[in-house]
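Comments concern the structure below.
Since the model is a prediction, treat every value here as computed from it, not as a measurement. Order of the sequence lines sets the chain letters (A, B, ...), proteins ahead of strands, with each chain counted from 1.
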Amino acid sequence: MIDLRILQQQKAQIQQNIDNRFMNVSVDTVIALQEQRSTLIQEVDALRKQRNDNAKKMKSRLSTEERTALIEEGKQLKRDIADKEELLRRVESSYLTEAKRIPNFAHPDAPVGKEDKDNLEIRTWGTVPSFSFTAKDHVEIGQDLDLIDFDTAAKVSGAKFYYLKNAAVLLELALERYALDILRTHGFTLTITPDIAKEEVLEGIGFNPRGTESNIYALEGTGTCLVGTAEITLGGYHADTIFSTDQLPIRMAGLSHCFRKEAGAAGQYSKGLYRVHQFSKVEMFVYALPEDSDRIHEELLGIEEEIFQGLQIPYRIVDTCTGDLGAPAYRKFDIEAWMPGRGDGGAWGEVTSTSNCTDYQARRLQVRFKDDQGAIHYVHLLNGTAIAVSRAIVAILENFQQEDGSITIPAALQPYMGMDRITRESR
RNA sequence: GGAGAGGUGUCCGAGUGGUCGAAGGAGGCGGUCUUGAAAACCGUUGAAUCGCAAGAUUCCGGGGGUUCGAAUCCCCCCUUCUCCGCCA
């Protein structure tokens with residue numbers, strides 16, 4: 001949520017930002033509700049004051065008539081307050097519902113555009129491999145080497161699930177450990193998080209836990225959901241906290257499963273492991289002072305690059321356009337790895353994403369800090385993918401495939417894998 | 001899952017339905033004293049909302065209820081601890 005106290009003064013700017021993001025929210029509507037709410041609060045407060053004053057009068061010794069009169073007055077006040085409060089509740093509720101839909105501001109340098117083709121390529125790294133044979137996609141490779149079994153998973157769990165088998169299991173664990181070791185050198189506190197979180201935490205981070213368009217699995221009757229990312233549990237970790245400046249920044253890394261409904265996502269760009277209902281991910285999360293957040297955002301991107309450079313996977317970086325940012329993000333950088341089996345003859349596919357959400361999530365989660373003057377402000381929250389394992393596996397299998405059908409393992413992973421090559425025999 | 005005991009401010013901890021945003025400690029901050037420090041003493045020390053402001057309202061795990069008035073009484077839920085059961 002943005003700071004609602006600036007709605008009136010910065011109305012035009014906020015509405016412009018909403019339009020740049022191609023969202024449908026009316027600032028005027030929110031302001032009208034805000035004014036109604038303010039009036040009602042003043043009225044309720046005035047009535048409550050009358051009630052308190054009335055009650056105070058009865059602390060002393062009184063005649064029966066006086067006391068009876070006061071009690072009658074108190075009863076009437078009680079009814080008036082209840083009525084007014086009910087009205088306030090309704091206005092407040094629609095005010096917040098509407099206000100929460102206002103997206104975060106966007107970084108002035110974020111490209112303005114509607115969809116992912118408007119994203120701005122910042123740089124590329126590595127060399128896109130050229131094969132002297134016909135490259136296979138990871139689905140075919142996974143089948144040939146008996147590494148991934150989609151068919152059995154479809155029978156047991158449904159479409160878009162998978163069994164990892166044989167060396168693919170070791171590959172998953174190797175990637176997790178590889179990423180965690182790098183994060184440790186960057187001062188991150190390592191965690192393995194719960195895979196379930198309460199709806200209020202989901203909402204604080206900016207996810208919509210309910211509704212048909214939601215990408216989140218809700219657990220019926222529990223008020224909880226399967227997490228779509230450890231960003232949720234890492235952001236909830238310090239909810240309702242007031243830090244001192246010397247405690248910040250706090251860098252946390254979380255390994256979790258991620259569950260996503262992905263309703264309606266189909267087509268060749270979503271095939272195989274690329275878009276699935278469950279995968280493992282190591283996520284970075286930082287609680288930062290506002291003045292540090294842009295710098296730390298670059299830092300997170302740097303760590304993501306370090307991880308993919310270590311894996312020797314060619315990639316490009318894009319600066320995400322306003323229409324593709326998502327409500328909480330102020331700025332977002334994606335790493336898109338080269339995937340030779342994607343599309344027709346290979347394509348870039350998103351493997352990481354790092355966002356600076358400034359104070360947007362912190363306001364809902366009540367994560368604050370006290371500055372040296374004793375004033376309280378919201379912290380800035382940032383997140384970034386260290387490794388989304390399923391997509392990293394796509395990139396590795398497709399980029400390191402050999403003519404004989406085997407897969408070479410990037411040097412950085414070999415110690416974790418205990419092998420330098422996956423073959424039909426050594427799987 | 002069953003039985004019992006708790007959940008109060010930064011922390012510990014008291015609290016009779018009205019005088020309680022809340023005793024008393026500890027810690028923090030400021031001051032007196034001191035060459036400096038410690039000790040002692042004095043003062044101060046939560047957050048949110050509405051309001052131009054003065055100020056007002058709200059918050060004692062969360063949510064309901066009783067009452068003119070609730071930290072205090074009742075109900076539900078969450079959570080922590082102890083014991084029993086079950087279990088990887």
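A:Arg67 places its CZ atom 13 Å from the P atom of B:G18, with the value rounded to the nearest Å. The interatomic distance linking A:Asp45 (CG) with B:A48 (P) rounds to 16 Å, in whole Å. The distance from atom NZ of A:Lys370 to atom C1' of B:C29 is 11 Å, rounded to the nearest whole Å. The NZ atom of A:Lys57 sits 11 Å away from the C1' atom of B:C68 (whole-angstrom rounding). Look at NZ on A:Lys198: it is 13 Å from C1' on B:G63, rounded to the nearest Å. Rounded to an integer number of Å, the gap from CD of A:Glu92 to C1' of B:A48 is 12 Å. To the nearest angstrom, C1' of B:G46 lies 8 Å from CD1 of A:Ile242. As rounded to whole Å, 4 Å separates atom P of B:G69 from atom NZ of A:Lys78.
Residue A:Leu70 is out of contact with every strand shown, counting any heavy-atom pair closer than 4.0 Å. Using a 4.0 Å heavy-atom criterion, one finds that A:Lys49 contacts the sugar-phosphate atoms exclusively. Counting any heavy atom pair closer than 4.0 Å across all strands shown, A:Arg79 reaches no nucleic acid atom. Using a 4.0 Å heavy-atom criterion, one finds that A:Leu77 contacts no nucleic acid atom at all.
Residues A:Ser280 and A:Glu172 have side chains that bring a donor and an acceptor to within less than 3.5 angstrom of each other. A side-chain donor from one of A:Arg421 and A:Ser406 sits under 3.5 Å from a side-chain acceptor of the other. Using modelled atom types and a 3.5 Å distance limit, the side chains of A:Gln34 and A:Tyr95 yield a donor-acceptor pair.
Checking B:A40 for Watson-Crick or G-U wobble geometry (two distances, each under 3.5 Å) identifies B:U32 as its partner. Remark: B:G27 base-pairs with B:U45. Criterion, Watson-Crick or G-U wobble with two distances under 3.5 Å. Summarising the base pairing, B:G4 is matched to B:C81 through a Watson-Crick or G-U wobble pair whose two defining distances lie under 3.5 Å. Taking a pair to require two hydrogen-bonding distances under 3.5 Å in either a Watson-Crick or a G-U wobble arrangement, B:G69 remains unpaired.
Look at A:Asn52 and you won't find any side-chain N or O under 4.0 angstrom from OP1 or OP2 of B:G18. In terms of phosphate contacts, A:Arg51 brings no side-chain nitrogen or oxygen within less than 4.0 Å of OP1 or OP2 of B:U57. Not one side-chain nitrogen or oxygen of A:Arg48 sits closer than 4.0 Å to the OP1 or OP2 atom of B:A56.
Using atom P as the reference point in both B:C42 and B:C81, the two lie 40 Å apart (nearest Å). Using atom C1' as the reference point in both B:G63 and B:A54, the two lie 35 Å apart (nearest Å). The C1' atoms of B:A39 and B:G31 are separated by 16 Å, rounded to the nearest whole Å. Of the C1' atoms belonging to B:G17 and B:A71, the separation is 10 Å, rounded to the nearest Å.
Taking the ring axis of A:Tyr274 as reference, the NZ or CZ atom of A:Arg342 stays within 45° of it and closer than 6.0 Å to the ring centre.
Put simply, the side chain of A:Asp319 never gets that close to the backbone of A:Leu120: no donor and acceptor are under 3.5 Å apart.
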